[in-house]
Amino acid sequence: MTAAEYIAAGYELSKNVDQTIIDKAEKDVKECYIYPILGDGADLTNFKDEVMGLAFCLMLRRQANKTRYGVEIKSNPYGIQANSDNLMKEISGIALPIINKLKQFAGVKNPKIKDIIDCGYYIF
């Protein structure tokens with residue numbers, strides 16, 4: 001998907017975000033969340049919103065990590081302060097409901113998710 005599609009879906013994303021960053025985030029969330037929950041052969045046609053939501057969260061997380069470790073100056077193209085509790089609330093508020101929705105749809109309780117977003121997903 002493109003930056004324009006994220007913006008149209010209501011995500012605060014700069015039009016200047018490089019497409020390779022978006023593509024990488026989408027690929028990574030598919031591998032770490034979507035396929036472990038829905039299965040490797042899942043048809044993702046009806047899960048565009050879920051992929052987009054998780055990819056947005058991953059892009060936020062990656063931007064925050066770059067800022068935190070001094071790779072970039074404290075500004076980010078996502079419209080959220082990178083080093084704040086608000087960022088964590090934003091990420092978990094988007095990601096956890098999506099993960100739970102996918103789990104409910106697939107009928108799985110404890111999929112082997114690799115939480116690369118660090119959204120607070122824990123298996124009990």
Side-chain angles (χ1 to χ4, degrees):
M1 289 158 267
T2 65
E5 289 176 282
Y6 279 84
I7 293 166
Y11 294 108
E12 294 183 37
L13 189 70
S14 170
K15 290 180 183 176
N16 298 324
V17 173
D18 191 278
Q19 186 62 43
T20 58
I21 292 171
I22 294 171
D23 294 343
K24 173 74 171 137
E26 290 174 355
K27 176 185 174 289
D28 291 347
V29 299
K30 287 174 188 174
E31 290 176 5
C32 294
Y33 298 93
I34 305 293
Y35 294 132
I37 296 172
L38 298 178
D40 291 336
D43 178 7
L44 301 184
T45 306
N46 296 320
F47 296 99
K48 178 181 175 181
D49 292 340
E50 289 79 6
V51 171
M52 191 179 290
L54 291 173
F56 177 73
C57 290
L58 183 56
M59 288 185 280
L60 286 174
R61 167 59 59 209
R62 286 177 172 164
Q63 182 63 33
N65 286 346
K66 283 173 34 178
T67 302
R68 181 177 301 126
Y69 296 115
V71 178
E72 281 191 359
I73 298 172
K74 285 189 179 184
S75 64
N76 75 53
Y78 306 112
I80 296 175
Q81 290 295 327
N83 287 330
S84 71
D85 290 335
N86 290 338
L87 176 65
M88 288 306 300
K89 289 177 186 172
E90 180 80 11
I91 289 172
S92 63
I94 295 169
L96 289 177
I98 292 171
I99 292 168
N100 290 331
K101 178 181 175 185
L102 290 168
K103 285 171 45 179
Q104 184 177 15
F105 176 83
V108 295
K109 291 185 180 185
N110 298 319
K112 297 201 185 278
I113 292 172
K114 182 178 179 188
D115 189 14
I116 59 174
I117 295 172
D118 190 25
C119 62
Y121 176 80
Y122 303 103
I123 297 175
F124 296 102

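The figures that follow rest on heavy atoms only: side chains count, while hydrogens, waters and symmetry mates do not.
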d(Met52 CE, Glu50 CD) to nearest 0.5 Å is 10.5 Å
Closest heavy-atom pair, Pro97 versus Ser92, reported as atoms and distance to 0.1 Å, is CD-O, 3.5 Å
Dump the intermediate steps for salt bridge (Lys or Arg N to Asp or Glu O under 4.0 Å) on Lys27 and Asp23, then the final yes or no. CA-CA 6 Å; Lys27 176 185 174 289; Asp23 294 343; over 6 Å; no
Interatomic distance, CD1@Ile113 vs SG@Cys119, rounded to 0.5 Å, equals 8.0 Å
Contacts of Tyr11 meeting side-chain hydrogen bond (donor to acceptor under 3.5 Å, both in side chains) (sequence neighbours excluded), chain-then-number -> none
- Is a side-chain donor or acceptor of Lys103 paired with a backbone partner of Val108 at a separation under 3.5 angstrom? no
**Asked** Would one find more than 12 heavy atoms of other residues, nucleotides or ligands at under 6.0 Å from atom CD of Gln104?
**Response** no
- Item | Side chains of Leu44 and Leu38 in contact at under 4.5 Å (non-hydrogen atoms) | yes
Self-check item: Stepwise side chain to side chain donor-acceptor pair (under 3.5 Å) check, Asp115 with Tyr33
Solution: CA-CA 8 Å; Asp115 189 14; Tyr33 298 93; 2.6 Å; yes
- prompt: Would you say Met1 and Gln19 make side-chain contact, with heavy atoms under 4.5 Å?
  reply: no
Run the salt-bridge test on Lys30 and Glu26 with the 4.0 Å N-O cut-off and return the result as yes or no.
no
One should read off an interatomic distance between Cys57 SG and Asp118 CG, to the nearest 0.5 angstrom, of 11.5 Å
Taken to the nearest 0.5 Å, the spacing of Ile94 CD1 from Ile99 CD1 works out to 11.5 Å
Closest heavy-atom pair, Pro36 versus Pro111, reported as atoms and distance to 0.1 Å, is O-CB, 3.8 Å
dist Lys24:NZ -> Asp18:CG (nearest 0.5 Å) comes out at 14.0 Å
Nearest heavy-atom contact between Ile117 and Leu54 is CD1-O, 3.4 Å
Of all heavy-atom pairs linking Ile116 and Arg62, the shortest is CD1-NH2, 4.5 Å
Query raised in the report: After noting the C-alpha distance and the side-chain angles of Asp49 and Lys101, does the key distance pass the salt bridge (Lys or Arg N to Asp or Glu O under 4.0 Å) rule?
Result: CA-CA 11 Å; Asp49 292 340; Lys101 178 181 175 185; over 6 Å; no
Value for CD (Gln63) from CG (Leu60), rounded to nearest 0.5 Å, stands at 8.5 Å
Correct closest heavy-atom pair for Ala25 and Ala55 would be CB-O, 3.8 Å
Between Ile22 and Thr2 the two heavy atoms that sit nearest each other are CD1-C, 4.0 Å
Note to self: Are the side chains of Ile37 and Phe105 in contact, using a 4.5 Å heavy-atom criterion?
What the structure shows: no
